[in-house]
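Written out below as C-alpha cells is the structure these notes cover.
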Amino acid sequence: MTAQEVRLCGLLLQEHFGDVVENVGTHLIRNGVLTLRALAHETKLALDLVKKSLCVLVQHGMCTFGPGRRGPAGPVEYHINCEHILHMLRYPRYIYTAKSLYGDTGELIVEEILQRGQMTMSSTVKTVADRLTHNMPEGQSMDYNEVVSAFSRLVETHFLQRCPPMASAESSGTGSAETPPAVTQPSNPESHPDCYKLPYISLSGHGKRRRSSEDGEADQRAAKKAKTDSSECGDEGIHWQVNFERFHLHFRDQAIISAVSCKLDQTSGEIVRTMLRMSEVTTSANAAFTQALSANEIFRALPSNYNIARPILDQYLTLLVDDPMEFVGKAGDSGGGMFVVNLHRALANLARATLESVVQERFGSRSARIFRLLLRKRHLEQKQVEDFAMIPAKEAKEMLYTLLSENLVQLQEIPKTPDHAPSRTFYLYAVNQLPTARLLLQHCYKTVGNLIERRLYETKENKRLLEKSQRIEAILASLQATGAEATQLTEVEEMITAPERQQLESLRHHINKLDSGENQVDETIFLLESYINSTQASR
Amino acid sequence: MAGKGRGVAAFSFNIESLGLTRGSMPETQRGPAPLFPQIEYKPGPLKAGEDEDYMRALKQEMRGRMKDLPFNIKHHAGKGDVERYKEKYTREIKKLEDEDWTPDWNRLPKELKPQKSIKKKKRDLKKSVKISTKDKEEVLNKLDELEKKGDVKSDEEDEVKKEKKEDDEEGEEAEIEGDYDEEFEEDNDYIASYFEDGDDFGGGSDDNMDEATY
C-alpha cells in the first residue's frame with residue numbers, strides 16, 4: 001500500500017461511514033493485522049465504538065477476520081481489504097451498469113445491496129418494492145414477483161453472489177466448553193458450490209407506500225417490530241453481495257468494444273461484441289484470450305438486424321486480424337477460421353494509449369512524439385532521439401530531461417570500460433510500460449484524493465450558507481404542504497438574497513465538476529488496474 | 001587545463017564525443033521550481049453527457065444517503081455542563097436509528113457482540129437453564145428421529161430457529177430496559193439537587209428572622 005492509497009481509503013471511509021470508522025480503518029491499513037484490544041488501544045476509542053466500526057467494515061466486505069498466529073485458541077485478528085474500499089469510488093458506475101442491463105428494478109437492487117454491504121434476498125425484494133411503489137402514481141404498487149425475477153436474472157448472470165458461509169470449526173475435547181470455536185471467514189466466495197444458487201422463498205404481496213410523517217413514534221416502532229417478526233421467508237442466514245469481479249469483466253469488454261469501434265467502425269465493434277458475448281461463460285477471468293470461435297459460429301450468433309453477409313464478415317475478420325492493435329487473433333483454419341479476442345494485448349494497448357495521452361496533454365505533442373519513439377524503439381541514445389524525432393537538439397534534450405525528471409523515461413548506462421569513463425559509456429533512454437503504468441496509477445489515486453479534499457473544503461467553507469438554504473427549503477416544503485399563499489412563499493424565498501443565490505449556484509457548479517472529475521479519473525484508474533492485474537496474471 | 005586560458009572547455013574530456021556541441025545545451029535552471037508552476041498546457045475539459053450527469057447524481061445521492069444509514073458511526077456525545085434542549089430529541093432519534101440494524105451475529109466473531117455488564121448474571125442463569133432444557137430436548141428428539149419421518153425433522157428445525165430468534169429479541173428488550181433505567185437515574189439526580197437548594201433557602205430565611213427580632 002502506498003501513502004496515496006492509504007490517504008484515499010481514509011477519505012472514502014470518512015465520507016461514507018464517518019470519522020470513527022475512518023480512524024479504525026486507517027489504523028488497520030497501516031498496521032496490517034490487529035486484534036480488537038490492540039485496535040482499541042491504538043485508536044484510543046471506546047471499545048464499543050471499535051466493535052461497531054468493525055461490524056460495519058465486516059458487513060461491507062472491507063474487513064476480514066480469522067485466527068491469528070497462535071492458532072484457533074488465540075484472539076481473532078482483523079485484516080482490512082483496501083481493494084474493496086477503493087471500489088466505493090466506482091459505486092455509481094456499478095449502479096448505472098445495472099440500470100442499463102436490467103432496468104430500474106435492477107438498478108435499485110444493486111444500489112440497496114451496495115449501501116448495506118450484504119442483504120438477504122427477501123429483505124432486498126421488500127425494500128426495493130417499497131421504493132418502487134413510492135415512486136409510482138397513487139393506487140399502484142410493485143409486485144414482489146417482478147423484483148424477485150430481476151434479482152434472479154442478476155444472480156444467473158453472476159452479478160450478485162452469496163456471501164461465503166462461516167466455517168466454524170467445532171473443537172472437541174476436554175476444554176471444548178471453555179475454548180471458543182475458531183471462526184474463519186473464507187475470502188473466496190467462488191469456492192462455495194452454492195454461490196449462485198437461488199433459495200426458495202415464500203414471499204408474496206406488494207410493496208407498501210411509505211407512511212406520512214404524521215405517524216406517531218409508537219406506530220413506527222410497532223411497524224418495525226412487525227417487520228422483524230414477519231421476516232421469516234425461508235432464506236435466513238443467506239446473504240448476497242455484489243460481485244465486483246463480474247462487473248469489472250463487463251467494463252473491460254465495453255472498453256475493448258468501444259476501442260474497436262473507434263479504431264475501425266461500428267460493424268467491427270458489433271463483431272467483437274458478439275465474440276465476447278459468446279465466450280463470456282467459457283473464458284476465465286484472468287485469461288489472456290477468449291476461447292477460439294469459428295467464423296461459422298460467429299456468423300450464426302450475430303444479431304439479425306445487422307444484416308452482415310458471410311463474405312463481408314470474413315473480410316471484417318481479416319481486417320481485425322491484420323490490424324496492428326491486434327484486438328483479434330487467428331488461432332486456426334477450421335470452420336472457416338478460428339478467431340480469438342486478445343484480451344491481454346487489448347488491455348496493454350489501451351494502457352499504452354492512456355500513457356501516450358497523458359504525456360501529450362501534460363508535456364505537449366513533441367514530448368509525446370519522443371515518448372512514443374522510445375516506446376517503439378525501446379533503447380535509444382540521445383543523439384538518436386534527436387535524429388529520429390526530427391526535433392532540434394536543444395529542445396529535444398530539454399524535453400527528454402523533463403520526462404526523465406518525471407520518471408516517465410528511464411536512463412541506462414552501459415560502460416565499455418570498467419572505470420565508467422563518460423567518453424566510453426553508452427547512455428540509453430527507454431520507456432518501460434508496466435512501471436510507468438504503476439506510476440500513473442499512483443498519480444491517479446493522488447488526483448482523486450485531491451479532488452475529494454477540495455470538495456470537502458468547499459463544503460466546509462460554505463457550511464453556513466448551505467445550512468441556511470436547507471432550512472429555508474424545509475420551511476417552504478412545510479408551507480406548501482399546509483397550502484400557503486403565493487405571497488407568503490415569495491416572502492420566504494426572498495430570505496435568500498441574490499448574492500447568496502449566486503454563491504450557491506457557483507458552489508453547486510464547483511461541486512458537480514469535482515464529482516464528475518472523480519468519476520472520470522476512476523475510469524483511468526480502472527483501465528490501468530486492469531492492465532497491471534492482467535500482466536501479473538499472465539506471468 | 002585551467003591555465004590554458006579562455007576558450008577551452010571546462011570539462012576534463014572532449015564533450016563532443018557524447019554528441020553535445022556548445023550551442024545544444026539547454027539553459028541552466030536557477031533555483032528550485034515554484035510550488036505552483038505556470039502550466040504550459042491547459043487540461044482538457046471533462047466529458048459531458050447524460051451518462052456522466054446520471055452517474056454524478058448517483059454518486060451524490062449515494063453519499064448523502066449513506067450518512068443517514070446506521071452504518072455511519074458517530075462519536076459518543078459527551079455530556080457538557082449545560083444540556084441543550086435539542087440534545088433530548090437527538091438522543092431519541094439515535095435510539096430509533098440504532099434499532100434499525102442488528103447484524104447477523106452468526107456471521108461475526110463473538111467478541112464483537114455488545115454486552116451489558118449489569119445484565120450479565122441474569123442472562124447466564126437463563127442461558128444455563130435453557131441449555132439444560134435444550135439438551136434434554138435434543139435427547140428426546142434423537143429418540144423421536146428413530147420413529148418419525150423426515151418431514152417432522154424439518155418442522156422441528158424451524159422451531160429451533162424460532163426459539164433462537166426469540167432469545168435474540170429478549171436480549172434486545174433487556175438492552176432497551178437498561179437504557180430506560182439510566183434515564184430514571186438522571187431524573188433522580190435532578191430531584192435530589194432541587195431538594196438541596198430548598199434546604200439552603202430555608203436556612204437563609206431563619207437567619208433573617210433572627211436579625212429582625214434584634
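First the proteins, then the strands, lettered A, B, ... as listed; each starts at 1.
Residue A:Gln59 touches chain B through its side chain alone, counting heavy-atom pairs closer than 4.5 Å. No part of A:Leu47 comes within reach of chain B, as not one of its non-hydrogen atoms sits under 4.5 angstrom from that chain. There is no contact between B:Asp53 and chain A, counting heavy-atom distances below 4.5 Å. Neither the backbone nor the side chain of A:Gln14 comes within less than 4.5 Å of any heavy atom of chain B. Interface remark: B:Phe71 contributes backbone and side-chain atoms alike to the contact with chain A (heavy atom separation under 4.5 Å). Contacts of A:Tyr96 with chain B are made by both backbone and side-chain atoms, with heavy-atom separations under 4.5 Å. For a residue to count as touching a neighbouring chain, one of its non-hydrogen atoms must lie under 4.5 Å from one of that chain's; by this rule A:Glu22 does not touch chain B. Within the 4.5 angstrom heavy-atom criterion, atoms from both the backbone and the side chain of A:Gln115 approach chain B. Contacts between A:Leu45 and chain B at a heavy-atom distance below 4.5 Å involve the side chain alone, from C-beta outward. Residue A:Tyr78 touches chain B through its side chain alone, counting heavy-atom pairs closer than 4.5 Å.
By the 6.0 Å contact criterion, NZ on A:Lys99 is enclosed, its count of non-hydrogen atoms from other residues, nucleotides or ligands being greater than 12.
Most heavy-atom pairs under 4.5 Å with chain B: of the set A:Leu54, A:Leu36, A:Val21, this distinction falls to A:Leu36. In terms of heavy-atom pairs under 4.5 angstrom with chain B, the leader among A:Arg455, A:Glu518, A:Lys513 is A:Arg455.
For A:His16, there are no ring pair (Phe, Tyr, Trp, His ring centres under 6.0 Å) partners two or more places apart in sequence or in a different chain. When the side-chain contact (heavy atoms from CB on, under 4.5 Å) test is applied to A:Asn512, the partners found at least two apart in sequence or on another chain are A:Arg508, B:Arg56, B:Gln60.
The minimum heavy-atom distance between A:Ile113 and A:Trp240, with the atom names listed, is CG2-O, 3.7 Å. Residues B:Ile73 and B:Pro70 share a closest heavy-atom pair of CD1-O, 4.1 Å.
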What verdict does the side-chain contact (heavy atoms from CB on, under 4.5 Å) test give for A:Arg162 and A:His239, after you've listed the backbone C-alpha separation in whole Å, the side-chain angles of each residue and the deciding distance to 0.1 Å?
CA-CA 6 Å; A:Arg162 289 196 191 191; A:His239 290 252; over 6 Å; no

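Contact check on A:Arg116 versus A:Glu111 returns no salt bridge, with no Lys/Arg side-chain nitrogen under 4.0 Å from an Asp/Glu carboxylate oxygen. With respect to A:Glu386 and A:Lys397, a salt bridge is recorded, a charged nitrogen being found less than 4.0 Å from a carboxylate O.
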